[in-house]
Amino acid sequence: MEDKTLMQCLTEAADYINARILAKPSIAIVLGSGLGDLANQIEDAVRIPYKDIPHFPVSTVAGHAGQLVIGKLGTKTVLCMAGRFHYYEGYSMDRLVFPIQVMRVMGLEKLILTNAAGCVNKSWNPGELMLISDHIKLCAECPMRGPNEDKLGARFFDMSNAYDASLRAIAREEAKRLGIPLREGVYEYFTGPNYETPAEVRFARTAGADAVGMSTVPEAIAAAHCGLRVLGISCMTNMAAGVTDAPLNHKEVLETSLRVSKQFETLVKDIVEKI
Ligand code: HPA
């Protein structure tokens with residue numbers, strides 16, 4: 001980002017995207033591990049590789065395609081991030097939330113964040129979906145650390161409705177209508193890339209968490225800062241470390257998210273229609 005201000009970089013990225021799209025998107029969607037197929041269901045899609053967008057970070061994880069897909073999902077125009085950025089990849093917190101701030105500069109108002117998560121709540125099961133009601137982040141710095149960009153948001157900003165209550169109410173209603181079971185609970189952020197230790201998972205449970213994961217929270221904080229309303233949905237891909245005797249692996253995470261991807265896609269598409 002050389003000697004340009006954050007606002008200049010965001011504006012250049014937003015202008016680049018705006019010049020290539022056919023209609024203005026109203027909802028942004030960030031797709032988690034194994035949930036990327038939704039991007040292939042977008043019609044009249046314009047695909048913009050991250051590497052072509054000025055100042056955009058570029059994703060490094062296999063299975064994260066690394067492009068914006070903008071087009072129609074049902075009757076709505078959406079902007080979908082197929083491939084997201086994680087702190088464990090080496091990005092600084094401020095770099096990994098750059099796309100969220102670009103969305104805001106483009107004029108978007110709603111953001112759906114999705115992820116694969118480890119299930120901490122012992123009475124739930126892998127394969128279940130959870131609406132994020134709140135989060136806990138005890139590790140790593142805040143993405144808003146450093147000089148504040150007043151044009152985006154205030155220095156000190158509220159997190160009490162970071163996972164928008166009225167969007168959650170709509171999601172709950174739609175899940176019920178579709179007959180898709182939907183849990184609701186607290187997501188605790190860990191930086192990864194190691195999965196948590198059993199002691200950390202017990203700690204998370206004691207603290208009030210229902211799920212643990214390595215994404216979403218930096219983006220939700222940046223969204224709260226710039227006034228984007230967030231809906232968060234986790235797919236419980238595995239019981240978190242120590243809940244069962246089974247060791248954790250990425251293969252299981254991907255297999256579970258693929259197994260429930262159809263249900264997940266139906267729910268997200270339906271929510272997009274209603275919000
Ligand atoms: N921990 C952290 N992140 C995850 C997990 C987990 O158990 N499963 C999927 N993402």
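FYI, the numbering just counts along the sequence from 1. Whatever order the structure lists ligands and atoms in, that order sets their numbers, starting from 1.
Looking at Ser92 and Phe98, their side chains never come closer than 4.5 Å, going by heavy atoms from C-beta outward. Inter-residue side-chain proximity for Pro99 and Phe56 is flagged as met; some heavy-atom pair is nearer than 4.5 Å. With a 4.5 Å cut-off on side-chain heavy atoms, Glu219 and Arg84 count as touching. Between Pro25 and Leu108, some side-chain heavy-atom pair lies under the 4.5 Å cut-off.
Between the side chains of Asn115 and Thr216, at least one donor-acceptor pair of N or O atoms lies under 3.5 Å.
Under the 6.0 Å cut-off for aromatic ring centres, Tyr189 and Tyr87 do not qualify, their centroids lying 6.0 Å or more apart.
Annotation: ligand 1 has protein neighbours Ala116, Ala117, Gly118, Tyr195, Glu196, Val212, Gly213, Met214, Thr237, Asn238, Leu248, Val253, each with a heavy atom less than 4.0 angstrom from the ligand.
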